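Since the model is a prediction, treat every value here as computed from it, not as a measurement. The figures here come from the full heavy-atom set of this structure, side chains too, leaving out hydrogens, waters and symmetry mates. We name chains A, B, ... by the order of the sequence lines, and we start the count at 1 in each one.
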Amino acid sequence: MGPRWKGKEAEAKALANPLSKIVSELKDSLIRSDSIGLLSDGSVLLEADVEQSDLLNRACFGRPIVNTEKDKQWFQLCLEEAFYMCCLLRCIKIVCDGDVKSDDELWNHMTSKRENFPNLMKAYSHLRSKNWVVRSGSQYGVDYVAYRHHPALVHSDYAVLVLSSEDCNGDGRLRVWSDFHCTLRLCGSVAKTLLVLYVNDGGHRAISPACLNKIGVEERTITRWIPEHCRENKTGAFCLSDRSV
Amino acid sequence: MEGDNWVCSSDEENGSEGCFDDPNDDEDCFVEGGMPKLQSRYVVSKAQWSDELGMAEVVEKKGKVWMTTGITRNGKLFCTLEETLYLIEIGALQVSDGDHAPLTRSDIYKKASEAGSYNFKWDSFVVYRHLKFLGYIVACHGVPWTMKTINVDPTNMHGTPPIENNLNDDPGDNLLVTKMFDNLEIKGMQPIFDVYSPNSKFKKSAPGNPCFMLYLSGGHPPSVKEISNLENYCAGTPSKICKVEDGCVSFFSWRKVELPILP
């Protein structure tokens with residue numbers, strides 16, 4: 001299934017504005033202004049000026065908090081976004097109770113909020129570093145959805161589940177066949193391909209942010225094959241319905 | 001237009017994602033007026049069932065079904081239990097026992113239900129039938145249609161005699177064919193069928209590479225390690241995994257991908 005652009009100009013617009021460039025501008029701007037995020041429970045609040053607001057919106061980081069001010073905007077970042085911007089892009093610092101948090105302190109905080117944070121973080125940064133836009137997948141019952149550019153320009157290609165490559169039948173998703181039917185049925189009806197990111201965590205969760213670099217990720221799409229639709233196909237490998245139908 | 005309120009979905013509330021209707025997703029279609037029936041056939045072949053082999057030997061070969069059915073050994077044509085059952089169900093085969101007494105469909109079903117020793121599983125027959133109905137060509141994985149392609153190696157002439165020469169010469173060797181099936185019962189994930197796309201020019205003597213190899217899942221969905229093992233085993237031929245639930249077959253592909261690095 002190819003990308004589904006939203007309108008004729010959307011693809012050209014995306015091509016003219018590569019996401020890597022937008023993110024890089026955002027990064028520079030946040031570094032220049034010494035931006036600080038406020039850690040608040042499961043979110044990080046980030047103040048942004050007009051230019052940064054525009055860049056955050058275009059790079060699709062965080063959600064703007066509705067307010068009446070014109071020159072200042074606040075954004076609410078989720079844990080993965082905040083960690084990515086702080087510890088991988090190195091463009092913001094994160095503060096809690098007046099102290100700047102170290103990478104390890106942040107990591108501990110985030111894993112305490114979300115047990116599966118290491119694998120989710122690995123998956124998030126894996127996709128983000130390839131310049132995919134990653135947003136929450138809760139609307140579709142998955143971990144993330146991945147867009148090839150801004151959601152205003154294109155529908156998301158993938159519904160993403162993050163699994164440990166070791167712990168397939170443990171606490172993860174897709175444990176029984178009905179989970180597959182359920183997930184693929186839903187993905188099919190919203191025209192997304194199910195992408196499973198198997199995080200090779202060696203059977204135990206990463207214990208520090210330094211571990212992230214050592215972890216491998218295997219990308220696999222899971223699709224239903226409908227024999228009724230593929231009879232003319234000689235190879236069976238790439239037929240039209242050989243996707244999340 | 002009160003009814004219009006019903007079409008508002010969560011997708012639309014969020015304003016971003018389009019919906020696709022899936023034509024294949026239907027409730028079970030229960031048809032009034034009894035069971036669907038196949039048209040009866042005028043071309044009926046005959047075969048003789050052998051309990052020892054767990055297969056039927058075809059003694060009267062009629063029609064085109066044999067272009068894609070049956071394995072040839074020593075010039076004789078045999079049907080596996082799956083093939084026998086399928087051909088009986090579509091009315092293309094009459095089977096008799098060793099004493100030439102006709103076997104009914106229920107006799108064969110009975111054999112199938114007792115057929116653990118033939119390496120037969122009802123679920124795999126359900127898969128076989130599903131694909132055959134749709135015109136796919138289905139081979140038991142690891143069981144060549146014919147030995148001809150295998151015994152052409154001239155260096156083998158003085159070595160062990162080809163299996164086909166042994167069949168029926170010595171009663172003890174009659175089991176060689178069944179042994180071949182038994183050999184497939186090695187631990188780990190191995191395909192049950194090699195599946196070829198519908199093809200009117202298919203030749204059993206030169207089948208080519210299958211379209212994919214099919215693994216039948218018993219219980220749990222496979223882990224990613226098991227998927228990798230299966231892929232290694234299939235060595236480049238695509239693989240699919242199927243699951244039979246309540247008599248219905250679902251097929252799944254796990255495809256290794258690499259998302260592009262976007263600009």
Legend entry - Donor on one side chain, acceptor on other, B:His141 and B:Tyr215, under 3.5 Å: no
Inset, instruction - Measure B:Tyr136 against the heavy atoms of chain A and call it side chain, backbone, both or neither at under 4.5 Å. - result: side chain
Inset, instruction - Assess whether atom NZ of A:Lys130 is packed by more than 12 heavy atoms of other residues, nucleotides or ligands within 6.0 Å. - result: yes
Legend entry - Ring-face cation contact, A:Phe61 with A:Arg135, 6.0 Å cut, 45° max: no
Legend entry - Side chain / backbone / both / neither for B:Lys256 at chain A, heavy atoms under 4.5 Å: both
Legend entry - Contact winner vs chain A - B:Asn209, B:Ile241, B:Val257, B:Ile261, heavy-atom pairs under 4.5 Å: B:Val257
Legend entry - Part of A:Leu195 within contact of chain B (heavy atom distance under 4.5 Å): side chain
Legend entry - Between A:Tyr158 and A:Glu219: side-chain donor-acceptor atoms closer than 3.5 Å: no
